[in-house]
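Please read the structure below before turning to the comments.
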Amino acid sequence: MILSGGPRSVLDSDSPTIDPSLLASGKPVLGICYGQQLIAHLMGGQVERSDKREYGKQVLHPAPNALLTGEPGQVWMSHGDSVRRLPPGFELAASTETCHVAAMQSPSQKLFGVQFHPEVTHTSNGREILRRFLIEQANFSRDWTARNFIDESIESIREQVGEGRVLCGVSGGVDSSVAAALIARAIGDRLLCVFVDHGLMRKYEADAVIEMFQRYVPATFVHYDASEQFFSALAGVSDPENKRKIIGAEFVRVFESHANELQGCDYLAQGTLYPDVVESGSQTAATIKTHHNVGGLPEWMRLQLVEPLRLLFKDEVRAVGRELGLPPEMIDREPFPGPGLAVRIVGEVTKERVKMVQDSDYIFREELFRAGLVSLPPFGSRASIGEQNSNVEPIWQSYAALLDVRSVGVMGDERTYAHPIVLRAVASEDAMTAHAVAIPFDVLERAATRIVNEVDGVNRVFYDLTSKPPATIELE
Ligand code: XMP
């Protein structure tokens with residue numbers, strides 16, 4: 001068991017707790033931050049209240065007999081309260097300058113605690129600490145492999161679906177592609193993949209999706225080009241939430257208009273991942289944006305769900321995709337929002353504006369690729385990758401967007417009155433928080449020069465420096 005961190009104080013009577021008998025069961029338990037304090041509190045130690053938080057890096061000095069913490073190294077602290085007196089039977093496992101009980105252990109009871117966060121990258125041997133707990137103390141055998149997962153999934157998909165047919169809405173995104181490829185392995189052409197092109201994809205992306213599915217996913221594949229329908233529904237609309245709702249509703253309409261072809265399906269495949277499962281259990285999240293994915297289906301279809309990836313994290317999904325033989329263009333893609341470029345165009349979405357964003361985005365991505373900052377070129381580009389630049393953080397997501405204002409410029413002695421493009425490149429772990437990546441200035445400058453020269457209707461380029469929060473990754 002791992003007892004995780006949390007913002008509360010164990011000294012408050014209504015804070016989260018566990019049945020103390022769990023700690024006496026002999027099962028290995030690791031308490032992290034709040035978890036360590038909870039163990040100390042329940043086992044007869046003393047936790048000291050503090051209103052001041054300690055936040056940041058510290059150097060860890062492990063005790064010679066420490067079982068988990070091993071080598072001295074940097075650790076990441078983020079706590080208010082701390083353990084003042086060890087519970088009976090426990091020994092000190094590590095300290096830092098500012099925190100005496102930075103780690104504690106009771107090997108005979110298999111109970112361990114750390115005040116810092118081994119799960120974040122700023123803790124230099126955090127992975128090793130977790131490995132020692134899971135392998136040496138909890139005796140896990142570490143036999144999860146993408147291969148085993150695929151074999152087991154194929155069996156359980158066959159069992160669930162029987163002779164039925166499965167419908168899978170695909171967008172070209174990693175999750176739906178890997179889910180489709182996995183289900184196709186299990187039931188072949190009884191899987192119907194439907195790709196609805198809303199006309200809001202990146203440049204050449206729709207063609208690339210069609211080609212990749214035909215090549216790599218042995219299922220029945222249909223493609224509905226519904227771009228005209230989406231553009232007319234979006235005409236004159238500039239409110240972000242309205243745009244999102246209209247796009248969601250149009251997806252449903254496209255499926256409805258093809259009801260005859262889809263009626264033979266009994267199941268609906270979705271690329272739901274474990275973080276989605278966890279998040280949907282949380283009642284505290286406010287609606288910042290109405291998210292939707294390609295699976296927006298009419299109510300009457302009432303299909304049963306097939307969700308083969310629901311226990312996986314994103315990196316495991318990618319490993320499964322790789323093992324299934326999918327190419328990097330399918331599995332190493334950046335996340336792309338369901339409503340597509342509509343959320344990267346502030347104001348009304350028109351064909352001309354989509355083209356401006358597509359062309360600018362193509363150039364930006366090509367320059368990032370040439371500079372070795374992203375691993376994939378834009379669809380259709382023959383550029384070669386530059387030498388990797390390890391001074392720049394890995395990019396989680398990068399794009400060009402269009403603002404709904406105009407400004408004055410001069411080009412070839414002519415006055416221009418045209419739109420600005422915003423470039424954005426962020427680093428993130430999970431899209432919940434993000435910050436702008438320090439793209440080398442020469443790369444930004446090359447992209448900006450090319451965009452203004454090559455894209456009609458654009459006369460300025462900005463780089464978005466805002467982090468999330470307070471901004472979001474997408475503009476809308
Ligand atoms: P924000 O803009 O909220 O985005 O910081 C967080 C992540 O979610 C993606 N995103 C979406 N993905 N449907 C999706 O499937 C959506 O409606 C949607 N809106 C935003 C965004 O690209 C980023 O990765």
Side-chain angles (χ1 to χ4, degrees), residues 168-180 195-202 205 209 230 233-234 237 239-252 269-280 282 285-297 307 309-310 313-315 317-318 330-346 349 357-358 361 364-365 374 376 393-403 422-437 464-476:
C168 183
V170 298
S171 59
V174 181
D175 309 338
S176 57
S177 299
V178 173
F195 169 50
V196 176
D197 179 6
H198 49 21
L200 304 164
M201 306 287 278
R202 283 162 290 193
E205 185 171 18
V209 170
F230 279 85
L234 287 166
V237 180
D239 177 72
E241 275 299 291
N242 272 349
K243 285 200 239 173
R244 282 174 171 270
K245 288 196 178 119
I246 288 170
I247 292 168
E250 276 326 294
F251 267 115
V252 173
Q270 279 189 337
T272 314
L273 305 193
Y274 193 58
D276 309 328
V277 176
V278 174
E279 215 164 280
S280 61
S282 139
T287 303
I288 309 293
K289 297 174 185 182
T290 309
H291 270 223
H292 73 83
N293 291 312
V294 284
L297 283 183
E307 297 177 305
L309 311 178
R310 63 180 285 123
F313 285 99
K314 195 84 172 190
D315 52 341
V317 173
R318 292 206 160 101
M330 281 178 104
I331 51 183
D332 294 332
R333 297 155 66 103
E334 291 178 4
F336 186 67
L341 300 181
V343 297
R344 295 179 180 172
I345 294 173
V346 177
V349 178
V357 173
Q358 285 178 332
D361 189 73
F364 183 40
R365 309 187 60 72
V374 292
L376 293 172
E393 280 179 285
I395 293 175
W396 163 275
Q397 220 169 335
S398 54
Y399 66 80
L402 184 72
L403 295 186
V422 174
L423 303 181
R424 185 139 171 83
V426 296
S428 178
E429 294 279 329
D430 54 8
M432 299 300 284
T433 61
H435 60 268
V437 172
D464 187 343
L465 289 172
T466 343
S467 58
K468 171 186 182 175
T472 52
I473 295 179
E474 303 293 347
L475 290 196
E476 291 192 343

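Note that ligands are numbered from 1 as they come in the structure, with each ligand's atoms numbered from 1 the same way.
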I'd like to know whether Q397 forms a side chain to side chain donor-acceptor pair (under 3.5 Å) with S428, so could you lay out the CA-CA distance, the side-chain angles of the two residues, the decisive distance to 0.1 Å, and finally the verdict.
CA-CA 8 Å; Q397 220 169 335; S428 178; over 6 Å; no

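Every atom of ligand 1 is numbered from 1 in the order shown, and the set under 4.0 Å from a heavy atom of P335 is 24 (O). Below 4.0 Å from some heavy atom of G338 lie the following atoms of ligand 1, by number and element: 12 (N), 13 (N), 14 (C), 15 (O), 16 (C). In the vicinity of P339, heavy-atom distances shorter than 4.0 Å reach the ligand 1 atoms 13 (N), 16 (C), 17 (O). Of all atoms in ligand 1, numbered sequentially from 1 with element shown, those under 4.0 Å from a heavy atom of T472 are 1 (P), 2 (O), 5 (O).
Proximity of P337 to ligand 1, defined as any heavy-atom pair under 4.0 Å, is shared by backbone and side chain alike.
Here the side chain of R318 pairs a donor or acceptor atom with the backbone of I331 at under 3.5 angstrom. Side-chain atoms of K243 come within 3.5 Å of backbone atoms of I345 as a donor-acceptor pair (strictly under, hydrogens ignored).
Ligand 1 lies nowhere less than 4.0 angstrom from a heavy atom belonging to M432.
Remark: among candidates K468, R344, E476, E474, the nearest residue to atom 6 (C) of ligand 1 is K468, based on non-hydrogen atoms.
Here CG of L475 is found 4.0 Å from OH of Y399. Values are rounded to the nearest 0.5 Å.
Exactly one residue among K468, R424, R344 makes a salt bridge (Lys or Arg N to Asp or Glu O under 4.0 Å) with E474. That residue is R344. Tested against V357, the residues L402, L200, V422 include a single side chain to side chain contact (heavy atoms under 4.5 Å, CB included) partner, L402.
Between I473 and ligand 1, a contact under 3.5 Å exists for at least one N or O pair.
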